[in-house]
Chemist: 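Take a look at this one; I'll ask things after.
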Amino acid sequence: MNVLDFARAFFTDSAHWHGYDGIPTRFAEHVGYSLEALVIAAVIGLPVGLVTGHYGRGGNTLALIATAGRALPSFGLLVLMVIWLGLGTLPVMIPLVVLAVPPILVTTYEAVRSVDPSPVDAARGMGMPEARVLFQVELPVALPLIYSGLRTAAIQIVSTATIAAYVGLGGIGRYIIDGLYQKDYEKVVGGATLVAGLALVTLAVFWAVSRLTVSPGVRRSG
């Protein structure tokens, strides 16, 4: 059997669509882990990136943090967290958040720094407070690039959240891990296909959000 045959056999088996190990349940678990990690990473990365980008300070520090975060192996960090914290959701969230913060942080910083300084200077000349300059002048122009950082982080999380299955949690990774252990390659291929499909859905969601929230003038100028 080839990969297509394995995938067809997996998705046409009715047993994979029902129960605690069914595709809807595992898909929902995976989305839950991914959303939780993305929200936590955004809460950390967006404010820091916006403030440092607005004031133009800390760029070298952010680059160092991003490099360090990207250099950490997610699976190795997961093992360390399990040894330290035990089993549960928290040891999974930590490596996912560490993976997602750098692209959000650095891209947000660069997005704000890349805004044309002319309208920013004009806003300040009119006496506009710094917070309003950031949120009313810089943020709308920086939004497309900020979305690109969030999109990158989301794709990385979706792809890496399969590690949750290594510590006994659910998600799509359960098919891949269990399939490898059982030598059930239908499950392995099916799980990998679901992860790829969820990544494509994530891209589509960010494209739709960008179309709805970014000013047409900003999109054209970008």
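Both backbone and side-chain heavy atoms feed into the values below; hydrogens, waters and symmetry mates do not. One is the number of the first residue; the rest follow in order along the sequence.
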Chemist: Spell out, yes or no, whether Tyr181 and Ile176 are grouped together once hydrophobic residues are joined by side-chain heavy atoms under 4.5 Å, including indirect joins.
Modeler: no
Chemist: Check whether any side-chain heavy atom of Leu38 lies under 4.5 Å from a side-chain heavy atom of Ile104, and answer yes or no.
Modeler: yes
Chemist: How many angstroms lie between CG in Leu78 and CE in Met93, if you round to the nearest 0.5 Å?
Modeler: 10.5 Å
Chemist: In the structure I gave you, are the side-chain heavy atoms of Ile163 and Pro95 within less than 4.5 Å of one another anywhere?
Modeler: yes
Chemist: Hydrophobic clusters here meaning ILVMFWY residues chained together by side-chain heavy-atom distances under 4.5 Å, can you tell me if Val48 and Val51 are in one?
Modeler: no
Chemist: Could you give the side-chain donor-acceptor pairs of residues 151-160 under 3.5 Å, partners two or more places apart or in another chain?
Modeler:
unit_1 : atom_1 : unit_2 : atom_2 : d
Thr152 : OG1    : Ser148 : O      : 2.9
Ser159 : OG     : Ile155 : O      : 2.9
Thr160 : OG1    : Gln156 : O      : 2.7

Chemist: Contact between Thr202 and Phe206 at the side-chain level, heavy atoms closer than 4.5 Å - yes or no?
Modeler: yes
Chemist: Return the OG1 to CG distance between Thr108 and Leu50, rounded to the nearest 0.5 Å.
Modeler: 6.0 Å
Chemist: Is the shortest side-chain N to carboxylate O distance from Arg26 to Glu29 below 4.0 Å?
Modeler: yes
Chemist: Side chains of residues 122-141: which donor-acceptor partners sit under 3.5 Å, not counting sequence neighbours?
Modeler:
unit_1 : atom_1 : unit_2 : atom_2 : d
Arg124 : NE     : Glu130 : OE1    : 3.3
Arg124 : NE     : Glu130 : OE2    : 3.1
Arg124 : NH2    : Glu130 : OE1    : 3.1
Glu130 : OE1    : His54  : NE2    : 2.4
Arg132 : NH2    : Gln136 : OE1    : 3.4
Glu138 : OE1    : His54  : ND1    : 2.6

Chemist: Taking all heavy atoms of Arg113 and all of Gly53, pick out the closest pair and write down the distance.
Modeler: CD-O, 2.8 Å
Chemist: Report yes if some heavy atom in the side chain of Val189 is under 4.5 Å from a heavy atom in the side chain of Phe10; otherwise report no.
Modeler: no
Chemist: Which pair of heavy atoms, one from Ala7 and one from Thr193, lies closest together, and at what distance?
Modeler: CB-OG1, 4.4 Å
Chemist: For residues Tyr166 and Val82, determine if any side-chain heavy atom of one lies less than 4.5 Å from a side-chain heavy atom of the other.
Modeler: no
Chemist: Where do Asp21 and Tyr175 come nearest, in terms of heavy atoms and distance?
Modeler: O-OH, 2.7 Å
Chemist: If you compare all heavy atoms of Leu169 against all heavy atoms of Thr89, which two are closest, and at what distance to 0.1 Å?
Modeler: CD1-CA, 3.9 Å
Chemist: To the nearest 0.5 Å, what is the distance between CG (Leu203) and CG (Leu198)?
Modeler: 10.0 Å
Chemist: So do Phe6 and Val188 actually touch side chain to side chain, heavy atoms under 4.5 Å?
Modeler: no
Chemist: Any chance you could measure Lys187, atom NZ, to Ile172, atom CD1, to the nearest 0.5 Å?
Modeler: 14.0 Å
Chemist: Any link between Tyr33 and Val92 through a network of hydrophobic side chains (Ile, Leu, Val, Met, Phe, Trp, Tyr) touching at under 4.5 Å?
Modeler: yes
Chemist: When you measure from the side chain of Thr25 to the backbone N and O of Gly19, does any donor-acceptor pair fall under 3.5 Å?
Modeler: yes
Chemist: Without swapping roles, check the side chain of Trp17 against the backbone of Phe11 for a donor-acceptor pair under 3.5 Å.
Modeler: yes
Chemist: Is there a path of hydrophobic side-chain contacts, each under 4.5 Å between heavy atoms, that joins Leu4 and Leu200?
Modeler: no
Chemist: Are Val3 and Tyr185 linked, directly or through intermediate hydrophobic residues, by side-chain heavy-atom contacts shorter than 4.5 Å (ILVMFWY only)?
Modeler: yes
Chemist: Could you tell me which non-hydrogen atom of Gly173 sits nearest to which non-hydrogen atom of His30, and how far apart they are?
Modeler: N-ND1, 4.1 Å
Chemist: Measure the CD1-OG1 distance between Ile177 and Thr162 for me, rounded to the nearest 0.5 Å.
Modeler: 6.5 Å
Chemist: Rounded to the nearest 0.5 Å, what separates atom CD1 in Ile146 from atom OH in Tyr109?
Modeler: 13.5 Å
Chemist: For Leu145 versus Ser114, what's the shortest heavy-atom pair and its separation?
Modeler: CD2-OG, 4.3 Å
